[in-house]
Amino acid sequence: MSPHHLSSRAVAILASLAVLAAGLTACTPGADGASGPPPVPRTLTEQEPRWTACSAPSRAQGGGDKPEKLPDGTTWQCATVKVPLDYANPDGKTIDLALVRAAAAPGPGEKRIGSLLFNFGGPGGSGVSTLPLIAGDDYMKLHRSYDLVSFDPRGVGNSAGVQCLDTKAMDARLAGDSTPDDAAEEESYVRGARAYARSCESNSGAVLEHVGTQEAARDMELMRQVLGDAKLNYFGISYGTQLGGVYAHLFPDNVGRFVFDAVVDPTENFLAGGLGQAEGFQSALRNFLKDCPKHDSCFFEGKDPAQGEKEVVALIERLDKRPLPTEFDRPLTQSLALNGIAAALYGEESWAILRDALTETEKGNGTVLLWLSDMLNERAFLEDGYSNINDANTAVNCADYKDRYTAADVHRHLPAFRKASGVFGDWMAWGLLQCAGWPVEGHAPTIDVSADGAGPVLVIGNTGDPATPYEGAEKMADELGEGVGIHLTVDGEGHGTYGVNDCLTRVVDKYLLKGSVPKDGTSCS
């Protein structure tokens, strides 16, 4: 899987374990909600979900234990909602979307506001498994006034989840050489991408045409009606900001209190997004290397970050020819190492793990770095394989992005990617072939999030975000429209700010709970 988006589930576990150790898509909707597809039948808009106690997440959702109660004793409930497979034919075949909620628990003198719907990114991350895992203390103020609700978007987890490869084949795909050095390796890489696309079509062809962001946004509108809310209140993180932007464009009159954190740039195509992320991860690596000598566990001697980067580059070059042994039944290859390093750069909380991982590689042991890669790929949660985040990520990206790149395109853009990052450049450049041979045409090269008439949307950019660089928040706020996008800045490191930065968390809580809109340009350090 491309490193572009790490699920919040993996971020949360990386962050918690680090404490113990010291833890792009685009589519342009062609019409607004009024002049788009035919209306959805009342049998769907008026359905009543049957909420029952949640079971443990399925393999497709990432596995793990049955969700624990919230600190106030609230039990998580799960349900399914039927939605049209094809909104152009809303009376036709339906699919089930998996939902999870914790019903609001108002305190004395408090009232329930409604539902607050979350999407934690990916694309491809399961909201049903993520929300109970990360809610905890950070969300308790919100829980007093809102039903906390999330879902598996279509194509994800238990919502008609896309399936392409079995565990053995996915292991081989992710471990394979993703930075070809000669014609033979290049041919093998392209052939593998096309074979992967064929396997997705063979195993999930019926849903591939219908898993794009526009369809998922229409699902959210249907969920709003089913949940009984006059307007949709929404908290989107990473890819979830893009999903929220498409919803605001389609249904501006139904936008309630919206928050976007770790914001995707809606003006970038797949190429520009990849370049931006190459720069972002390189910047995050540079900051990690500056911090490393402050700790006894630093993997390189001296205090020069340039020396640390040289050692990382040398490691990546060695792994291209000689993978390292691990305590798992799989070796650490170059691709898996790059994936693992990227996983740890999503937040400062996991820097301690990365220091240990790189120290161990110097001793000839790739176990910790492979574990980090498994976290990003959602393999580490399961004994017998992966969630479907890799398959869903590709399916949504390829349904949304219209551009299809070739090996010739990669060669043309390689110099720019190498300039952006001496460590990640080649890897991310070849990631442009994610949709090679894909059987479904993408919607458009960029996304339209213009939302005139919508309520205010808080758009939060973190200056040190490697995966969704800070500039994307500025662009999102501008594209939403004057008076709609309220741009907020956090001067910090990491992918996402709510629950991490106290200043920003207070601003968001005041907005979601009281409706108090902060001044555009508000900054938190």
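Below, all heavy atoms of this structure are taken into account, side chains as well, without hydrogens, waters or symmetry copies.
- Between Phe288 and Phe299, the angle of the ring planes stays under 30°, which puts this pair in the parallel group of the 30/60° scheme.
- You'll find the side chain of Leu369 stays beyond 4.5 Å of the side chain of Leu336, heavy atoms only.
- Residue Phe235 forms a ring-ring contact (aromatic ring centres under 6.0 Å, His included) with just one option from Phe118, Phe120, Phe260, and that option is Phe118.
- For the 3.5 Å distance criterion, the side chains of Ser129 and Gln61 fail to qualify, holding no donor opposite an acceptor.
- The minimum heavy-atom distance between Ser55 and Pro67, with the atom names listed, is O-CD, 3.6 Å.
- Summarising the geometry of Ala399 relative to Val211, their closest heavy-atom pair is CB-CG2, 4.3 Å, with the distance given to 0.1 Å.
- When all heavy atoms of Ala284 and Pro466 are compared, the closest pair comes out as CB-CB, 3.7 Å.
- Ion pairing of Glu215 with Arg154 is absent here, as no side-chain N (NZ or NE/NH1/NH2) approaches a carboxylate O to less than 4.0 Å.
- For the pair Asn119 and Phe151, the minimum side-chain heavy-atom distance is below 4.5 Å.
- Between the side chains of Asn339 and Ser373, at least one donor-acceptor pair of N or O atoms lies under 3.5 Å.
- The shortest side-chain heavy-atom distance between Leu324 and Pro331 does not fall under the 4.5 Å cut-off.
- The shortest non-hydrogen separation linking Ala420 to Leu275 is CB-O, 4.2 Å.
- Put simply, the side chain of Leu243 reaches to within 4.5 Å of the side chain of Met220, judged on heavy atoms.
- A donor atom on one side chain and an acceptor atom on the other are found under 3.5 Å apart for Asp391 and Tyr196.
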Item to check | salt bridge (Lys or Arg N to Asp or Glu O under 4.0 Å) evaluation trace for Arg330 with Asp374 | outcome: CA-CA 11 Å; Arg330 296 164 290 134; Asp374 284 351; 2.7 Å; yes

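- Looking at Tyr239 and Thr213, their side chains do bring a donor and an acceptor atom within 3.5 Å of each other.
- Side-chain polar atoms of Gln282 and Glu309 form a donor-acceptor pair below 3.5 angstrom.
- Inter-residue side-chain proximity for Val149 and Val100 is flagged as unmet; no heavy-atom pair is nearer than 4.5 Å.
- Judged purely by distance below 3.5 Å, without hydrogens or angles, the side chains of Ser421 and Arg286 never pair a donor atom with an acceptor atom.
- A salt bridge is defined here as a Lys NZ or Arg NE, NH1 or NH2 lying under 4.0 Å from an Asp or Glu carboxylate O, and Asp409 with Arg412 meets this definition.
- Among all heavy-atom pairs drawn from Ser350 and Ala343, the shortest one is OG-O, 4.3 Å.
- Tyr470 pairs with exactly one of Asn462, Asp465, Thr489, Thr463 by the side-chain hydrogen bond (donor to acceptor under 3.5 Å, both in side chains) rule, that one being Thr489.
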Checklist entry - Under the side chain to side chain donor-acceptor pair (under 3.5 Å) criterion, do Asn393 and Gln434 qualify, and how do the steps go? => result CA-CA 10 Å; Asn393 179 275; Gln434 183 180 29; 3.0 Å; yes

Checklist entry - side chain to side chain donor-acceptor pair (under 3.5 Å) between Thr367 and Thr326: does it pass, once the steps are laid out? => result CA-CA 4 Å; Thr367 300; Thr326 73; 4.8 Å; no

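- For His411 and Trp430, the distance between ring centers is under 6.0 angstrom.
- For Ser58 and Asn158, the side-chain atoms include at least one donor-acceptor pair closer than 3.5 Å.
- Thr446 and Asn269 share no side-chain donor-acceptor pair at under 3.5 Å.
- Using a 4.5 Å heavy-atom threshold, the side chains of Thr80 and Leu99 count as separate.
- Using modelled atom types, one side-chain atom of Asn388 and one backbone atom of Gly155 make a donor-acceptor pair closer than 3.5 Å.
- In this structure, Glu187 pairs ionically with Arg191, as a charged nitrogen and a carboxylate oxygen lie closer than 4.0 Å.
- No salt bridge links Glu201 with Arg198; every basic N to acidic carboxylate O contact stays at or beyond 4.0 Å.
- Under a cutoff of 6.0 Å and an axis angle of 45°, Arg379 and Tyr386 form a cation-pi pair.
- Counting heavy atoms from C-beta outward, Arg59 and Thr167 have side chains that approach closer than 4.5 Å.
- Pro71 and Met140 get closest at one heavy-atom pair: CD-SD, 3.6 Å.
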